[in-house]
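Computed over heavy atoms, backbone and side chain alike; hydrogens, waters and symmetry mates excluded. Given the structure is predicted, the values throughout are model-derived calculations rather than measurements.
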Amino acid sequence: MTYDWEYGAGEPVSSDSLKTFGAFVQGLREHAGLTREELAALVRFSKHTVESIELGRRMPDRDFVDRAEPALGGTGALTKAYRHLTRHPGLAAWFREWARYERLADSLDIYECRLVPGLLQSEAYARASFANALPPLSDEELETKVVARMERQRLLRERPHVSYSFVVEEHVFRRGLGGPEVTRGLLDHVLAATEPRNVVFQVMPLESFGHACLGGSVQLAELPEGRRYAYSEGQKTGRLISDAKEVALLYRVYATLRSQALTPEKSRDLLERIRGAL
């Protein structure tokens, strides 16, 4: 199988329920005689957000539904339709299985040596990473993938009892992808996203005499019943790993890597210093 979810290659598979909900919103809006600009003003969201929702590219916030309901007739139909939404906009079909494990996991460990992990990316940084895809993405494809990336980050906000661990190479933050302004926003975003007590963030420093994970990036998930899975990627290739012995070895590798990385306190200090130098 071929994978490239960080850079955005592969055909995205949108959620049918999102498209249906979006068409429903559009139909109600047009029946009410409202333009997108007028509805945006009533629900206190941007026209761009309203458009993305109507086109099925964006999962609506609950606030949007609560504000749009009275603006679009107050029948309760919009609220009922919202309950049946599924969050798979822009996720390639092959990534869905790992995304499902992400949502079920009691613990999630991620090591990344190429880019900031998707769960920690700012919107501008995600946009810059997808803008580098070859062949180039269309504007609609790029927007769909950015929205999907941001939707995945609900995991960090909505599952505070899950243990998250991230180890990221220092050079990833020093690369400057997207330019200084994007990098400053990224650093602020990472520092804020990793503040909760259930999130452990560490940087693997440029200067290190040992490195347990030279084989490349890896993600590890432990499910409530104790089953463990791993996900690994290379250049245009990737695989979901379920073999117990191989997964156990990757957990050992990750544990050693954490011992070699900077402490969480020193990691945050490093990011703040990088930001201060921009």
Checklist entry - Applying salt bridge (charged side-chain N to carboxylate O under 4.0 Å, His left out), which residue pairs with at least one partner in residues 199-228 are found, sequence neighbours left out? => result Glu222-Arg228, Glu225-Arg227
Next on the checklist: Taking ring-ring contact (aromatic ring centres under 6.0 Å, His included) as the cut-off, I'd like each qualifying pair that reaches into residues 257-278, sequence neighbours left out, listed once.
Outcome noted: none
Next on the checklist: Taking Leu278 as the starting point, is it possible to reach Leu120 by hopping between hydrophobic residues whose side chains are less than 4.5 Å apart?
Outcome noted: yes
Checklist entry - Less than 4.5 Å apart, any side-chain heavy atom of Leu78 and any of Phe21? => result yes
Next on the checklist: Measuring only between side-chain heavy atoms, which start at C-beta, is Leu119 closer than 4.5 Å to Leu108?
Outcome noted: yes
Checklist entry - Would Val65 and Leu55 show up in the same hydrophobic cluster when neighbours are defined by side-chain heavy atoms closer than 4.5 Å? => result no
Checklist entry - Relative to each other, are the rings of Trp98 and Tyr101 parallel, tilted or perpendicular (30° and 60° limits)? => result perpendicular
Checklist entry - Do Thr194 and Arg268 get their side chains close enough for a donor-acceptor pair, meaning under 3.5 Å? => result yes
Next on the checklist: If you compare all heavy atoms of Leu34 against all heavy atoms of Ala71, which two are closest, and at what distance to 0.1 Å?
Outcome noted: CD1-O, 4.0 Å
Item to check | Donor-acceptor contact present, side-chain Ser259 to main-chain Thr256, <3.5 Å | outcome: yes
Next on the checklist: For the NZ atom of Lys145 and the CZ atom of Arg127, what is their distance to the nearest 0.5 Å?
Outcome noted: 13.5 Å
Item to check | Closest approach of Ala128 to Gly178 (non-hydrogen atoms, all atoms of both residues) | outcome: CB-CA, 4.0 Å
Checklist entry - Ser46 and Thr49: side-chain donor and acceptor closer than 3.5 Å? => result yes
Next on the checklist: Quick check against the 3.5 Å criterion: does Glu69 have a side-chain atom that pairs as donor or acceptor with the backbone of Asp66?
Outcome noted: no
Item to check | Inter-residue atom distance Thr263.OG1 - Gln202.CD, 0.5 Å rounding | outcome: 7.5 Å
Next on the checklist: Do Val168 and Leu177 land in one hydrophobic cluster if side-chain heavy atoms of ILVMFWY residues count as linked below 4.5 Å?
Outcome noted: yes
Checklist entry - If we only count heavy atoms from C-beta on, is the Pro196 to Val199 side-chain gap below 4.5 Å? => result yes
Checklist entry - CZ of Arg152 to CZ of Arg149: how many Å apart, nearest 0.5 Å? => result 6.0 Å
Item to check | Set of side chain to side chain contact (heavy atoms under 4.5 Å, CB included) partners for Ser163, sequence neighbours left out | outcome: Ser107
Item to check | Interatomic spacing from CG in Leu72 to CD in Gln26 - rounded to 0.5 Å | outcome: 11.5 Å
Checklist entry - Can you find a pair of side-chain heavy atoms, one from Arg44 and one from Arg67, that are under 4.5 Å apart? => result yes
Checklist entry - Stepwise, does the side chain to side chain contact (heavy atoms under 4.5 Å, CB included) test hold for Phe45 with Asp63? => result CA-CA 9 Å; Phe45 281 85; Asp63 286 345; 4.2 Å; yes
Item to check | Residues Gln219, Glu102; criterion side chain to side chain contact (heavy atoms under 4.5 Å, CB included); working and verdict | outcome: CA-CA 10 Å; Gln219 301 186 51; Glu102 278 187 335; 3.7 Å; yes
Item to check | Side chain proximity check, Pro136 to Leu134, heavy atoms < 4.5 angstrom | outcome: yes
Item to check | Closest non-hydrogen atom pair between Pro60 and Ile53, with its separation | outcome: CB-CD1, 3.8 Å
Checklist outcome for this item: Value for CZ (Arg184) from CG (Asp188), rounded to nearest 0.5 Å, stands at 9.0 Å
Checklist entry - Quick one: which of Arg175, Arg114, Arg174, His211 gives a side-chain hydrogen bond (donor to acceptor under 3.5 Å, both in side chains) with Glu169? => result His211
Item to check | Thr35 and Leu39, any side-chain heavy atoms less than 4.5 Å apart | outcome: no
Checklist entry - Which of parallel (below 30°), tilted (30 to 60°) and perpendicular (above 60°) describes Phe201 and Phe173? => result perpendicular
Next on the checklist: Do Leu156 and Tyr231 sit in one hydrophobic cluster, given that two such residues count as connected whenever their side-chain heavy atoms are within less than 4.5 Å of each other, even indirectly?
Outcome noted: yes
Item to check | side chain to side chain contact (heavy atoms under 4.5 Å, CB included) assessment of Gln121 paired with Gln153 | outcome: CA-CA 9 Å; Gln121 291 180 8; Gln153 295 183 3; 4.1 Å; yes
Checklist entry - Taking C-beta and beyond as the side chain, do Leu155 and Val162 meet within less than 4.5 Å on heavy atoms? => result no
Item to check | Side-chain hydrophobic cluster, 4.5 Å single linkage: members besides Leu220 | outcome: Tyr111, Val167, Met204, Val218, Ile241, Val247, Leu250, Tyr251, Tyr254, Leu257
Checklist outcome for this item: Between Glu112 and Ser217 the two heavy atoms that sit nearest each other are OE2-OG, 2.6 Å
Item to check | Nearest atoms (heavy-atom pairs only) where Ser129 meets Leu115 | outcome: CB-CD1, 4.2 Å
Item to check | Of all pairs that satisfy salt bridge (charged side-chain N to carboxylate O under 4.0 Å, His left out), the ones with a partner from residues 28-42, not counting sequence neighbours | outcome: Arg29-Glu54, Arg36-Glu51, Arg36-Glu54, Glu37-Lys47
Checklist outcome for this item: Correct closest heavy-atom pair for Glu143 and Ser52 would be OE2-OG, 4.1 Å
Item to check | Sub-4.5 Å side-chain heavy-atom contact between Leu223 and Asp106 | outcome: no
Next on the checklist: Nearest 0.5 Å, please: how far is CG in Leu271 from CD in Glu170?
Outcome noted: 9.0 Å
Checklist outcome for this item: The salt bridge (Lys or Arg N to Asp or Glu O under 4.0 Å) partners of Asp269 (sequence neighbours excluded) come to none
Next on the checklist: Test side chain to side chain contact (heavy atoms under 4.5 Å, CB included) on Leu270 and Lys266; report intermediate values, then the result.
Outcome noted: CA-CA 6 Å; Leu270 177 60; Lys266 290 182 177 179; over 6 Å; no
Item to check | Check: Arg159 side chain, Ala105 main-chain N or O, donor-acceptor pair, under 3.5 Å | outcome: yes
Checklist entry - Are there more than 12 heavy atoms of other residues, nucleotides or ligands under 6.0 Å from atom CD of Glu140? => result no
Item to check | Hydrophobic cluster membership, Val200 vs Leu191, 4.5 Å side-chain cutoff | outcome: no
Item to check | Asp243, CG: over 12 other non-hydrogen atoms inside 6.0 angstrom | outcome: yes
